[in-house]
Enquirer: 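Okay, handing you the structure first.
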Amino acid sequence: MPSGAEPLPEKDLRAIREALVVSQDREGFDSGLGIALAEVRASLDLSRLSAFIHTWWLIARDSVKDPQGRRDLYERAAHIQDLADRDQPLPHGDKTWRELLTERGVEL
C-alpha cells in the first residue's frame, strides 16, 4: 500500500460503516442493515447477514480507495434520475429516458 493511503476496512459492521464516506452509502447501509437483521430474526439464518456484510465490505473498500469516485457515482445517478423524471424524448430518438430505462429493466 502506498504511504499515506487509507487502510482498507476490516470485515465487520462498525469498520465498514466508518469507512463509508458518502452520506448515501451510510444511509443505504443503515437501512439495509435493518432489513437484513429483520430477515435474520425471522428466519434464524445468518447467511443473509453474511451476504450483507460482504457486499457492504466491498463498497467500503471502494469508498476508501476512491472516495471521489463514490461521490461521482451518486452525482451521475442523480443526473440520470433527473433526465428520467423530465420524461422528454432523447435527442436521437423518439423514446424518453424513462421508456428506455424501463425497457432495460431499471426500476424508477
Side-chain angles (χ1 to χ4, degrees):
M1 174 181 322
S3 64
E6 290 288 325
L8 296 177
E10 295 294 321
K11 202 170 188 179
D12 67 70
L13 292 171
R14 184 179 316 274
I16 290 168
R17 189 173 192 294
E18 287 174 359
L20 300 173
V21 297
V22 180
S23 63
Q24 293 96 322
D25 281 341
R26 288 189 301 274
E27 291 164 9
F29 177 89
D30 293 344
S31 174
L33 179 58
I35 292 167
L37 291 174
E39 289 176 7
V40 168
R41 276 191 298 275
S43 68
L44 300 178
D45 179 3
L46 289 175
S47 64
R48 175 65 179 102
L49 183 59
S50 294
F52 174 85
I53 290 170
H54 182 72
T55 298
W56 279 98
W57 177 68
L58 293 173
I59 293 168
R61 288 172 53 99
D62 188 46
S63 186
V64 167
K65 289 180 180 180
D66 186 11
Q68 188 58 48
R70 294 297 300 169
R71 290 181 192 97
D72 292 347
L73 171 106
Y74 284 106
E75 186 177 311
R76 285 191 304 275
H79 179 68
I80 290 168
Q81 184 65 55
D82 182 52
L83 291 172
D85 290 345
R86 290 183 196 172
D87 212 29
Q88 298 172 349
L90 295 168
H92 304 290
D94 57 349
K95 294 181 182 178
T96 66
W97 272 105
R98 183 175 295 282
E99 291 168 337
L100 181 65
L101 293 171
T102 300
E103 252 180 33
R104 295 183 180 188
V106 176
E107 290 186 33
L108 301 173

Enquirer: Nearest 0.5 Å please: distance from the CD atom of Glu39 over to the OG atom of Ser47.
Expert: 9.5 Å
Enquirer: Does the side chain of Phe52 reach to within under 4.5 Å of the side chain of Leu13, using non-hydrogen atoms?
Expert: yes
Enquirer: Would you mind reporting whether Leu101 and Ile80 have side-chain heavy atoms less than 4.5 Å apart?
Expert: yes
Enquirer: List the atom of Val64, the atom of Pro9, and the distance in Å for their closest heavy-atom pair.
Expert: CG2-CD, 4.0 Å
Enquirer: Can you see which heavy atom on Glu99 is nearest to which on Asp94, and at what distance?
Expert: OE1-O, 4.1 Å
Enquirer: Taking C-beta and beyond as the side chain, do Ile59 and Phe29 meet within less than 4.5 Å on heavy atoms?
Expert: no
Enquirer: Measure the CZ-NZ distance between Arg70 and Lys65 for me, rounded to the nearest 0.5 Å.
Expert: 12.5 Å
Enquirer: So, taking the atom named CG in Leu49 and the one named CG in Leu33, what distance separates them when rounded to the nearest 0.5 Å?
Expert: 7.0 Å
Enquirer: Evaluate whether atom CD of Gln68 has more than 12 neighbouring non-hydrogen atoms of other residues, nucleotides or ligands under 6.0 angstrom away.
Expert: yes
Enquirer: Scan the side chains in residues 14-24 for donor-acceptor partners under 3.5 Å anywhere in the protein, sequence neighbours excluded, and list what turns up.
Expert:
from, atom 1, to, atom 2, distance (Å)
Arg17, NE, Asp30, OD1, 2.6
Arg17, NE, Asp30, OD2, 3.4
Arg17, NH2, Asp30, OD2, 2.8

Enquirer: How far does OG of Ser63 sit from CG of Leu58, to the nearest 0.5 angstrom?
Expert: 12.5 Å
Enquirer: What distance do Gln81 atom CD and His79 atom NE2 have between them, rounded to the nearest 0.5 Å?
Expert: 12.0 Å
Enquirer: Would you name the heavy atoms of Glu10 and Trp57 that are closest together and state the gap between them?
Expert: O-CD1, 3.5 Å
Enquirer: I need the Thr102 OG1 to Arg104 CZ distance, nearest 0.5 Å.
Expert: 11.5 Å
